[in-house]
Participant: 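Supplied in C-alpha cells, the structure appears directly below.
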Amino acid sequence: MPRLSEVIAALENLWPAERAESWDAVGTVVGDPDQEVTRVLFAVDPVQDIVEEAVKLGADLLVTHHPLYLRGTTTVAATHFKGRVVHTLIKNDIALHVAHTNADTADPGVSDALAGALDLRVVRPLVPDPTDPEGRRGLGRVCELDHPVTVRELAARAAERLPATAQGIRVAGDPETVVRTIAVSGGSGDSLFDQVRAAGVDAFLTADLRHHPAGEAVAHSPLALLDAAHWATEWPWCELAAAQLDEISDRHGWDLRVHVSKTVTDPWTAHAASSTTPAGAPN
C-alpha cells in the first residue's frame, strides 16, 4: 500500500499547488505523510456529512474541491463546525487534501468534466493560462455542440445530466434561441462575462449568477445564460479526478479503492415555483 506522501505527490502532479490563485488555500490540511492509504473518497465540500461518510467507508484520505479553511483560522476547537471536521478526521486517521483553483484550470479540469457531463466538445479554455505553451490549461471552456439545440433543450439536458438540486437550471434570455457554441465554467462564473462575450458564443452555463451582472449581460447582447447550482457544476470533477487517481493506482500497482461521494451538499434544500403572476406584481 502507498504512503500518504506518495499519493499526495501524485495528486500534486495533477494539480500543482503553485497553479492555485494567490488567495486560495489548497494542499494537505490534515494527515500523517507516513500513514498508509488504501481507500480514497472524493467530494466537493469538506463538511461534517462528508467526513462521516468517509468514516463509514473506512477511507484513509478525503479529497475535496472546496477548501476547509479558505481564510485561515486561530482555532480548531470542536465547538465550531469546522473544528469538529478536523477532530473527526484526526480521530479516525483520515487525511484531507484540497484541490481548488488549481483543479479549475487543470487539463483536464473542473470545466472539462462539466462539458463532458453535457456531451459538449471542448474547443479551448475560456481564459487561457499564459504559462501553458500548449494553450490547454485555463479557466472555463469554450465548447461546441454536435448539433444545434434551443436554450430550452440545452437547459433540459443540463437538468437531466447534472446532479439534481433544489434550484435546477435557471435561464436568462430567449428559451427558443438556437445554441451552437457555449462557454462553461464550473462554480461561480459571473466575473467572466467580458471573456464570454469576447468568445462570441451563443450561451454561457455556470453557477451563482447575480441579478445585476446577469441583467447587464443579456441586455448587452443576445447571450443566453444557464445558471445551475454551484455544487452541481463542480461535482462531475469528482468523477473525473477519481478516474485519474484510479489510473495512477493501476500504473503503480497500489490497488487503491477510489470512491466518489453522492451526498448532496448543495445548501439549498427546497424550491417553490412562482405562479405565472407573482403576488403583488402588476397584471
Side-chain angles (χ1 to χ4, degrees), residues 2 4-31 33 37 40-46 61-72 95-117 120 122-143 183-196 198-199 204-208 230-231 233-249 251-252 258 260:
L4 175 64
S5 58
E6 295 175 283
V7 179
I8 295 302
L11 298 182
E12 288 282 3
N13 189 53
L14 292 173
W15 317 299
E18 61 268 21
R19 291 186 187 150
E21 296 290 338
S22 59
W23 50 264
D24 205 358
V26 302
T28 304
V29 181
V30 171
V37 176
V40 183
L41 178 64
F42 282 85
V44 175
D45 296 299
L61 171 61
L62 171 63
V63 181
T64 65
H65 183 51
H66 289 152
L68 179 62
Y69 289 106
L70 185 57
R71 294 175 177 83
L96 171 63
H97 186 80
V98 173
H100 191 210
T101 53
N102 48 333
D104 285 332
T105 59
D107 171 36
V110 171
S111 293
D112 292 290
L114 175 57
L120 304 174
V122 172
V123 177
R124 62 184 185 277
L126 177 63
V127 185
D129 180 346
T131 69
D132 177 19
E134 296 183 2
R136 297 178 60 88
R137 293 196 309 267
L139 189 61
R141 295 293 184 266
V142 174
C143 306
V184 300
S185 182
S188 304
D190 65 11
S191 64
L192 301 174
F193 281 132
D194 287 344
Q195 291 89 343
V196 171
F204 180 36
L205 188 150
T206 187
D208 297 340
H230 189 120
W231 171 82
T233 64
E234 294 180 328
W235 184 86
W237 171 80
C238 295
E239 291 194 321
L240 168 64
Q244 289 178 287
L245 182 56
D246 259 333
E247 190 276 329
I248 292 170
S249 173
R251 189 175 353 123
H252 290 284
V258 183
V260 175

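Note: hydrogens, waters and symmetry copies are ignored here, and every other heavy atom, side chains too, is used.
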Participant: What residues form a side chain to side chain contact (heavy atoms under 4.5 Å, CB included) with P46, not counting sequence neighbours?
Facilitator: T64, H66, L68, L96
Participant: Could you list all the salt bridge (Lys or Arg N to Asp or Glu O under 4.0 Å) pairs where at least one residue sits in residues 125-134, not counting sequence neighbours?
Facilitator: D129-R137, D132-R137
Participant: Taking the side chain as every heavy atom from C-beta outward, state whether L41 and V63 have any pair of such atoms under 4.5 Å apart.
Facilitator: no
Participant: List for me each residue that meets side chain to side chain donor-acceptor pair (under 3.5 Å) alongside S188, sequence neighbours excluded, and say none if there are none.
Facilitator: D208, H230
Participant: W235 and V44: which non-hydrogen atoms are nearest, and at how many Å?
Facilitator: CA-CG2, 3.7 Å
Participant: Under a 4.5 Å cut-off applied to non-hydrogen side-chain atoms, are L62 and F42 in contact?
Facilitator: no
Participant: Restricting to side chain to side chain donor-acceptor pair (under 3.5 Å), what partner residues turn up for D194, sequence neighbours left out?
Facilitator: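 Counting only residues at least two positions away or on another chain, D194 forms a side chain to side chain donor-acceptor pair (under 3.5 Å) with R197.
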Participant: Which heavy atom of V26 sits nearest a heavy atom of A20, and at what distance?
Facilitator: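 Reported closest heavy-atom pair: CG2-CB, 3.8 Å.
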Participant: Quick one: list whatever passes side chain to side chain donor-acceptor pair (under 3.5 Å) with E247, sequence neighbours left out.
Facilitator: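 For E247, the residues satisfying side chain to side chain donor-acceptor pair (under 3.5 Å) (neighbours in sequence not counted) are R251.
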Participant: With S5, which residues qualify under side chain to side chain contact (heavy atoms under 4.5 Å, CB included), at least two apart?
Facilitator: R3, P33
Participant: Which pairs count as salt bridge (Lys or Arg N to Asp or Glu O under 4.0 Å) when at least one residue sits in residues 233-242, sequence neighbours excluded?
Facilitator: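 Pairs touching residues 233-242 that pass the test: none.
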Participant: When rounded to the nearest 0.5 angstrom, what distance separates CG in L14 from CG in N102?
Facilitator: 10.0 Å
Participant: Can you tell me how far the CG atom of L126 sits from the OG atom of S185, to the nearest 0.5 Å?
Facilitator: 7.0 Å
Participant: Whether the side chain of T206 engages the backbone of G189 through a donor-acceptor N/O pair (distance < 3.5 Å, no angle test) should be reported.
Facilitator: yes
Participant: Got a sec, which residues hit side chain to side chain contact (heavy atoms under 4.5 Å, CB included) with A10, two or more places apart in sequence or on another chain?
Facilitator: I248, W254
Participant: Could you tell me which residues satisfy side chain to side chain contact (heavy atoms under 4.5 Å, CB included) with A95, sequence neighbours excluded, listed by chain and number?
Facilitator: L4, Q35, L61
Participant: Drop me the distance from L120's CG to L205's CG, to the nearest 0.5 angstrom.
Facilitator: 8.0 Å
Participant: What pairs of residues pass the side chain to side chain donor-acceptor pair (under 3.5 Å) test when at least one of them lies in residues 12-29, not counting sequence neighbours?
Facilitator: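 Output for this query lists D24-H100, D24-T101, T28-H97.
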Participant: Which pairs pass side chain to side chain donor-acceptor pair (under 3.5 Å) with one or both residues in residues 103-115, sequence neighbours excluded?
Facilitator: H65-D104, D107-R136, D112-R141
Participant: Considering all heavy atoms of both residues, which atom of G187 and which atom of T233 are nearest to each other, and what is their separation?
Facilitator: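 The answer is N-OG1, 2.9 Å.
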Participant: Could you tell me whether the side chain of W237 reaches within less than 4.5 Å of the side chain of P108, counting heavy atoms only?
Facilitator: no
Participant: For the residue pair L114 and G186, what are the closest heavy atoms and their distance?
Facilitator: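 That closest heavy-atom pairing would be CD2-N, 3.8 Å.
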Participant: How long is the span from the CZ atom in R124 to the SG atom in C143, to the nearest 0.5 Å?
Facilitator: 10.0 Å
Participant: Sequence neighbours left out, what pairs pass salt bridge (Lys or Arg N to Asp or Glu O under 4.0 Å) with at least one residue falling in residues 61-71?
Facilitator: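 Passing the test, one end in residues 61-71: no pairs.
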Participant: Where do A25 and L70 come nearest, in terms of heavy atoms and distance?
Facilitator: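 Result for this residue pair: N-CD1, 3.8 Å.
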